[in-house]
Structures are given as C-alpha cells and as structure tokens.
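Structure, as structure tokens:
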Amino acid sequence: MDEVFTGSFTQQLPLPEAAIEEAVEVMRSGRLHRYNLQPGEAGATGALEQAFAAQMGAKYCLAVASGGQAMILSLRAAGVQPGDRVLSNAFTLAPVPGAIAAVGAKPIFVETSSDLTIDLQDLARKAGQARFLLLSHMRGHICDMDQLMAICAKAGITVIEDCAHTMGAQWRGRWSGRDGLAGCYSTQTYKHMNSGEGGLILSDDAEFMARAILMSGSYMLYDRHPAGPGPDVYDGITGQMPNMSCRMDHLRAAILLPQLARLDADCAAWTERYRGVEAGLRGAPGISLITRPEAERFVGSSIQFLLKDWCADQIRQYLSACLARGVELKWFGAPQPQAFTSAYSHWLYADPPILPQTDRVLAGLVDMRLPLSFDLKDCAMIARILKQEAGRITDAAQR
Ligand SMILES: *Cc1c(COP(=O)(O)O)cnc(C)c1O
C-alpha cells in the first residue's frame with residue numbers, strides 16, 4: 001500500500017493564546033478604530049507599528065488593510081504617476097502587477113532566472129525604461145540585493161520591495177525590505193503573520209511615510225501615529241494626497257502583536273521544515289532543487305522545485321498522482337490560472353510581452369506550501385511521496 005499524507009496544506013497554526021486574549025480585550029473595549037484612543041494611549045495599531053519598526057530597525061511604520069494596499073500606497077507615495085512605467089518581476093503573484101495598475105501605471109516585466117529571482121542582466125537592460133522597480137521577493141527567493149541596488153542606484157531607479165514571503169528573512173544580515181525606499185509586508189493568513197488580512201509598510205523616509213499615512217486615511221489625525229514622522233513633515237502635503245481609506249484596526253493589530261514576538265522562532269521552524277523536504281528530495285529523479293545562496297537567510301514557508309524537460313502531460317500526471325496521495329502541488333506552467341496561482345501571461349490588462357526565459361522556468365515550476373501545522377515527520381513523508389511519484393513518471397517515460 002502506498003502511504004497517503006492526510007494533513008492540510010492550508011491549515012495554519014491556531015493563534016497564540018495571548019493574541020486571543022488581547023483581541024478579546026479590544027472587543028470588550030468597543031474601541032476598534034485605530035484613532036479611537038484614550039488620551040495618551042498608542043492603541044494596539046500604534047504599538048504594532050512601533051514594535052515592527054523597532055524589530056526591523058526602521059524609522060517609520062504604517063499598518064494598513066492588506067499587503068496589496070501597502071504596495072499601492074508605497075508606489076504612489078514614492079511618486080509614481082498615472083501613465084508611468086514600473087519594472088517588476090515576471091514571476092510574482094497577481095497583487096503585484098495589480099498594485100502597479102491600481103496607481104494607473106504599467107508594469108514592465110523583467111525576466112526570471114533559474115533560481116526564481118529577478119534576472120539582473122535583464123533588469124540592467126530594461127533599467128532605462130522606468131524610474132521605479134516594484135521588486136517582489138516571490139516565494140521567499142531573494143536576488144543578489146547588493147547587485148540589484150547598485151544597478152538601480154546607477155539608473156536612478158527607486159526600489160519598493162514586496163516582502164510578502166520574506167518577512168523575517170535577511171540578505172547578508174540585512175532584514176528583507178530594508179534596502180529600498182520602502183518594504184511592504186502582508187499579514188494575510190498564508191503569510192508569516194496571520195490577521196486574516198493586513199499589511200505593513202516600513203521606511204526611513206519621513207516625507208514618503210507622511211504621504212502614505214495621509215493616503216491610508218488619516219484625515220487630520222496623523223499625530224496619532226506613534227511610528228510616523230513629526231507634524232512638521234506634513235506641512236504642504238496634507239491637501240496633496242487623496243484619502244484611500246485602508247487603515248488597520250486595533251483588533252487585527254492586537255492579534256499580530258504576540259505573533260511579532262515569535263516571528264523569528266516561526267521563521268526558523270518554517271526553514272527547518274523546508275530543509276527537511278529538501279533533504280528528502282535530493283536525488284529524486286527528474287526533480288531539480290533550487291540552490292539557495294549563502295548570503296540569503298530565507299524563510300521556508302513554501303518550497304519550489306523544477307521538473308525540467310518534463311512535458312505538460314507528465315507534469316499534470318505527476319500533480320494528480322501526488323494529490324491522490326494527499327500532497328497538494330501548484331504548477332506555475334499551467335495554461336490557465338488556478339486558485340491563487342497565475343502567471344504573467346494571464347495578466348492581460350498589463351499587455352504582457354512574451355518572456356522566453358521566464359516561460360522556460362515557469363513551464364516546469366512546481367510549488368508547495370509548508371504550513372507550521374506540519375511536523376518534521378510529515379515533511380519526510382511528503383518528500384518520500386514526491387520522490388516516489390517522480391520515479392514512477394520518469395520510469396514510465398523510459399519504457
Ligand atoms: C500575498 C502576496 C501579496 C499581497 O498580499 P495581500 O495581503 O494578500 O494583499 C503580495 N505579493 C506576494 C508575492 C504575495 O504572495
């Protein structure tokens with residue numbers, strides 16, 4: 001009998017008891033709106049912003065309604081205007097080009113290298129075409145940030161980082177999201193902290209942050225942002241920024257604060273699971289693992305591998321054979337978008353060009369979530385199933 005895995009790939013851990021208690025306290029108070037404060041009180045939202053800024057060594061932090069909203073506000077606060085072009089990864093998730101479109105700009109997709117990061121040669125080639133880069137650390141893969149920042153500095157490109165999968169990760173000892181003008185994070189259920197929906201922006205730039213705070217819907221209450229810049233920074237810009245109403249509330253912030261305290265431990269636990277699956281997959285027939293650079297301290301909340309030179313039918317067969325044994329994989333090479341998974345060629349509003357190198361990578365790219373509800377034994381079993389089924393497909397191909 002083939003072993004079958006029975007865990008759920010979408011089941012996160014329950015929230016810590018402290019988060020539940022703090023949430024109940026906020027609900028008992030009735031004061032859920034972030035500006036509904038008593039004199040001298042920072043409130044959970046302000047406290048979360050202060051704590052995240054301190055943990056990441058940033059001057060300023062703003063909590064918003066989603067990771068997508070964090071990117072939209074950041075692009076506009078950075079000065080992107082309607083009609084502008086914004087460079088971005090071709091391999092990313094739909095809300096990234098969506099944020100570019102939301103500010104009336106148009107993405108220029110940059111090719112993907114075989115390690116799943118933005119192709120720096122293609123970026124250098126296209127650098128003259130835009131003044132902004134929305135860099136997505138998609139699925140937690142961090143490119144050579146030193147080289148990327150050098151390319152962008154030389155070309156006068158402002159960098160905004162999408163850290164939805166790199167909250168708590170580092171490049172050469174620097175927290176992910178701290179190299180560009182701003183880092184954008186998501187606290188949506190499937191990311192590294194879970195408030196259902198939510199987002200955070202970090203920056204050291206006072207004017208940028210003042211613009212983002214005004215846009216988030218601060219009205220004239222921007223002095224109730226303990227992790228925001230001083231009141232003088234707002235002079236002359238209050239009437240310039242539209243109110244786009246995407247604040248975070250105290251309830252979500254209360255849920256997030258205790259999770260922030262254990263972020264490092266959670267990240268280490270994810271990476272332990274990733275390393276477990278990776279070790280089990282070594283030598284699996286037809287499976288190429290992604291080499292992780294020394295300088296990258298990644299968070300292994302998901303794992304990707306390449307089925308190089310497999311035809312689409314073999315990949316489909318593989319996915320269904322694994323699924324039949326309880327292992328749920330996503331495929332970025334599918335011709336049609338499915339569930340959360342889509343590819344750049346599906347984002348028709350952005351007039352995507354054909355990117356041959358990205359197409360070659362995506363054609364064999366398979367992706368799997370690793371929720372913390374899995375233990376190391378689960379990870380070993382998952383790897384055994386993935387390896388065995390790969391063997392069956394490659395054996396059949398040889399006969
Ligand atoms: C989830 C995600 C986002 C956006 O986060 P939301 O909070 O869902 O809006 C952005 N980028 C990537 C790569 C993501 O996976």
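Both counts, for ligands and for their atoms, begin at 1 and track the order of listing. Computed over heavy atoms, backbone and side chain alike; hydrogens, waters and symmetry mates excluded.
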Protein contact to [atom] [nearest heavy atom, distance to 0.1 Å]:
| atom | result |
| --- | --- |
| atom 5 (O) of ligand 1 | Ser186 OG, 3.4 Å |
| atom 2 (C) of ligand 1 | Lys191 NZ, 2.4 Å |
| atom 9 (O) of ligand 1 | Gly68 N, 2.7 Å |
| atom 13 (C) of ligand 1 | Asp162 OD2, 3.2 Å |
| atom 8 (O) of ligand 1 | Gln188 NE2, 2.9 Å |

[X] to [Y] - nearest heavy-atom pair and separation:
| X | Y | answer |
| --- | --- | --- |
| Phe374 | Cys379 | CB-SG, 4.5 Å |
| Phe9 | Glu328 | CE1-N, 3.4 Å |
| Leu134 | Asn89 | O-OD1, 3.7 Å |

Problem - Arg252/Glu197 salt bridge by N-O under 4.0 Å criterion - result: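 No, this pair does not count.
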
Handout entry: Electrostatic pair Arg28-Glu25, nearest N-O below 4.0 angstrom
Key = no

Exercise for the section: Compute the shortest N/O to N/O distance between Gly67 and ligand 1 and return yes if it is under 3.5 Å, no if not. Expected result: yes

Which of the numbered atoms in ligand 1 are below 4.0 angstrom from a heavy atom of [X]?
| X | result |
| --- | --- |
| Ala164 | 2 (C), 3 (C), 10 (C), 11 (N), 12 (C), 14 (C) |
| Met71 | 10 (C) |
| Val96 | 11 (N) |

Handout entry: Ile303 CD1 to Arg275 CZ distance, which is reported to the nearest 0.5 Å
Key = 9.0 Å

Side chains of residues 115-122: which donor-acceptor pairs under 3.5 Å do they make with residues two or more places apart or in other chains?
from, atom 1, to, atom 2, distance (Å)
Asp115, OD1, Ser113, OG, 2.5
Asp115, OD1, Thr117, N, 3.2
Asp115, OD1, Thr117, OG1, 2.7
Thr117, OG1, Ser113, OG, 3.2
Asp119, OD1, Gln121, N, 3.0
Asp119, OD1, Asp122, N, 2.8
Asp119, OD2, Gln357, NE2, 2.9
Asp122, OD1, Arg125, NE, 3.4
Asp122, OD1, Arg125, NH2, 3.4
Asp122, OD2, Glu111, N, 2.8
Asp122, OD2, Lys126, NZ, 2.7

Problem - ligand 1 versus Thr187: contacting region, heavy-atom distance under 4.0 Å - result: neither

Completion exercise
Under 4.0 Å between heavy atoms, the region of His165 that gets near ligand 1 turns out to be side chain

Exercise for the section: Please confirm whether Gly199 comes under 4.0 Å of ligand 1, counting heavy atoms of the residue only. Expected result: no

Handout entry: Same cluster (ILVMFWY, side-chain, under 4.5 Å), Phe109 and Leu135
Key =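 Result: no, two separate clusters.
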
